[in-house]
Protein chains: 2
Amino acid sequence: MAKKEKPFDRELFFRALADPTRLRIINLISDQEVCVCFFVEILKTNQPKVSRHLAYLRRAGIVAARREGIWVHYRISTPNDENAARVLKVVREWLAQDADMQQDRTRLHRICCAPELPVQLQGSPRPTRIGMAV
Amino acid sequence: MAKKEKPFDRELFFRALADPTRLRIINLISDQEVCVCFFVEILKTNQPKVSRHLAYLRRAGIVAARREGIWVHYRISTPNDENAARVLKVVREWLAQDADMQQDRTRLHRICCAPELPVQLQGSPRPTRIGMAV
DNA sequence: TAAATACATGCGCCCAAGCGAATGTGTAGG
DNA sequence: CCTACACATTCGCTTGGGCGCATGTATTTA
């Protein structure tokens with residue numbers, strides 16, 4: 001009844017990072033818990049696409065999901081593998097410095113901190129900062 | 001006449017890391033200059049395959065080549081992008097700890113340090129340690 | 001239980017990437 | 001030159017991944 005841990009899949013991990021949409025998602029999450037609907041809005045794409053990329057990141061151990069009623073919140077997950085965690089940390093710092101990525105975060109910040117959410121997001125739970133165990 | 005530097009391609013960089021053969025090559029190079037023929041021998045594969053993966057790593061700015069007569073030596077190249085360089089550093093440390101990767105390095109070490117090279121490698125220049133600027 | 005909402009997944013299409021086999025390129029030696 | 005050698009590249013094939021679209025699932029509310 002021990003050892004649920006599957007051996008960490010390094011290939012899957014790197015492939016997960018080898019896609020611009022997934023990197024944008026990782027960047028958008030930052031140190032928050034973000035509802036799926038916000039990704040759809042910021043990335044200006046359709047919901048299935050976002051959902052599939054989130055599933056990919058989940059399988060790779062990069063993000064974790066938490067359901068709250070009808071909504072699902074995503075946050076960064078520290079990979080099981082210590083070295084993968086180190087890589088992810090550096091990658092996130094890299095993204096944080098990128099101009100386009102900063103724009104994405106700015107747009108998310110503008111939307112979720114505005115007094116009124118846009119029509120598509122009425123009633124959606126806004127992103128919330130979470131404690132980063134690092 | 002300035003700025004030959006193309007803007008660093010982050011996607012290409014990550015895709016380069018998302019392949020087991022290319023990771024094995026990165027690991028084998030370690031802090032040496034290694035002749036192509038040794039990759040063919042250690043990876044137990046054909047020469048075109050190795051050559052294509054090496055070309056991929058070159059385009060991604062991860063390795064550099066140096067011709068010496070009929071032989072071509074490959075070494076790790078520090079990526080133009082500072083953050084990419086940080087990622088690569090962590091990735092290489094990761095590989096260095098991996099059991100399978102250690103086996104590869106051991107086999108390379110055994111072959112190139114033996115008094116007699118195997119038949120396929122007769123006359124090939126052995127890998128040589130190079131100064132790592134880090 | 002039925003409808004609405006938010007998200008996940010299955011399906012088919014297309015394109016990129018990896019592969020083996022053949023061919024091309026550059027270099028040393030006769 | 002011509003050959004031999006090491007390596008690079010091209011070609012055709014096959015596979016995997018991302019995409020849009022349609023459908024499935026889970027949860028809340030009426």
Side-chain angles (χ1 to χ4, degrees), chain A residues 9 11-25 28-29 33-60 63-75 117-127, chain B residues 9 11-25 28-29 33-60 63-75 117-127:
Chain A
D9 190 333
E11 286 183 53
L12 183 62
F13 175 76
F14 280 124
R15 277 203 304 270
L17 297 178
D19 179 279
T21 303
R22 290 196 284 268
L23 289 179
R24 290 180 74 188
I25 290 177
L28 275 176
I29 295 183
E33 240 192 4
V34 182
C35 180
V36 175
C37 49
F38 280 93
F39 297 126
V40 178
E41 177 63 20
I42 300 291
L43 300 181
K44 290 214 183 328
T45 183
N46 53 30
Q47 176 267 321
K49 173 171 170 177
V50 169
S51 200
R52 264 176 286 132
H53 281 298
L54 285 169
Y56 206 125
L57 290 170
R58 259 189 286 122
R59 285 194 298 272
V63 304
R66 180 178 63 88
R67 177 174 276 275
E68 181 188 353
I70 52 177
W71 295 288
V72 178
H73 304 265
Y74 278 86
R75 64 181 184 280
L117 287 177
V119 203
Q120 314 90 309
L121 297 177
Q122 296 285 350
S124 302
R126 310 192 184 213
Chain B
D9 190 333
E11 287 181 52
L12 183 62
F13 176 76
F14 281 124
R15 277 202 303 272
L17 297 178
D19 179 279
T21 303
R22 290 194 286 267
L23 289 179
R24 290 181 74 187
I25 289 176
L28 275 177
I29 296 184
E33 240 191 4
V34 182
C35 180
V36 175
C37 50
F38 281 93
F39 297 126
V40 177
E41 177 63 21
I42 300 292
L43 300 181
K44 288 213 187 328
T45 182
N46 52 30
Q47 176 266 323
K49 175 172 170 176
V50 169
S51 199
R52 265 176 288 144
H53 281 298
L54 285 169
Y56 206 123
L57 290 170
R58 259 190 286 123
R59 284 193 298 272
V63 303
R66 179 178 65 88
R67 177 176 274 276
E68 181 187 353
I70 52 177
W71 295 289
V72 178
H73 303 265
Y74 278 84
R75 62 182 185 277
L117 288 177
V119 202
Q120 314 91 312
L121 297 176
Q122 295 285 350
S124 303
R126 311 192 183 211

Practice task
Calculate the interatomic distance between Glu11(B) atom CD and dG18(D) atom C1'; express it in whole Å.
Solution key: 12 Å
Fill in the blank from the handout: Glu41(B) CD to dA6(D) P, in whole Å, measures 12 Å
Problem - Side chains of Leu28(B) and Val34(B) in contact at under 4.5 Å (non-hydrogen atoms) - result: no
Name the atoms and distances for all side-chain donor-acceptor pairs under 3.5 Å in residues 16-23 of chain A, with sequence neighbours left out.
{"residue": "Asp19(A)", "atom": "OD1", "partner": "Thr21(A)", "partner atom": "N", "Å": "2.8"}
{"residue": "Asp19(A)", "atom": "OD1", "partner": "Arg22(A)", "partner atom": "N", "Å": "3.0"}
{"residue": "Arg22(A)", "atom": "NE", "partner": "Ala16(A)", "partner atom": "O", "Å": "2.9"}
{"residue": "Arg22(A)", "atom": "NH1", "partner": "His53(A)", "partner atom": "ND1", "Å": "3.2"}
{"residue": "Arg22(A)", "atom": "NH2", "partner": "Arg15(A)", "partner atom": "O", "Å": "3.0"}

Handout entry: Between dC7(C) (P) and Leu43(A) (CG): distance, integer Å
Key = 13 Å
Exercise for the section: Can you tell me the distance, in whole Å, between the CG atom of Leu17(A) and the C1' atom of dG18(D)? Expected result: 17 Å
For residues 44-52 of chain A, tabulate all N or O donor-acceptor pairs below 3.5 Å that involve a side-chain atom, not counting sequence neighbours.
{"residue": "Asn46(A)", "atom": "OD1", "partner": "Lys49(A)", "partner atom": "N", "Å": "3.2"}

Completion exercise
From CG of Leu57(B) across to C1' of dA17(C) the rounded distance in Å is 14 Å
Practice task
Using side chain to side chain donor-acceptor pair (under 3.5 Å) as the criterion, list what pairs up with Arg58(B), not counting sequence neighbours.
Solution key: Tyr74(B)
Problem - Gap between atoms CG and P, on Leu23(A) and dG18(D) respectively (whole Å) - result: 12 Å
Handout entry: Test side chain to side chain donor-acceptor pair (under 3.5 Å) applied to Arg66(A) - qualifying residues, sequence neighbours left out
Key = Glu33(A)
Exercise for the section: Can you check each nucleotide of nucleotides 7-17 of chain D against protein heavy atoms at under 4.0 Å and return B for base, S for sugar-phosphate only, - for none, in 5' to 3' order? Expected result: BBBB------S
Problem - dA17(C) phosphate, OP1 or OP2, under 4.0 Å from His53(B) side-chain N/O - result: no
Problem - Contacts of Phe13(B) that satisfy ring pair (Phe, Tyr, Trp, His ring centres under 6.0 Å) - sequence neighbours left out - result: Trp94(A), Phe8(B)
Practice task
Would you kindly give the CG-to-P distance between Asn46(A) and dG10(C), to the nearest whole Å?
Solution key: 17 Å
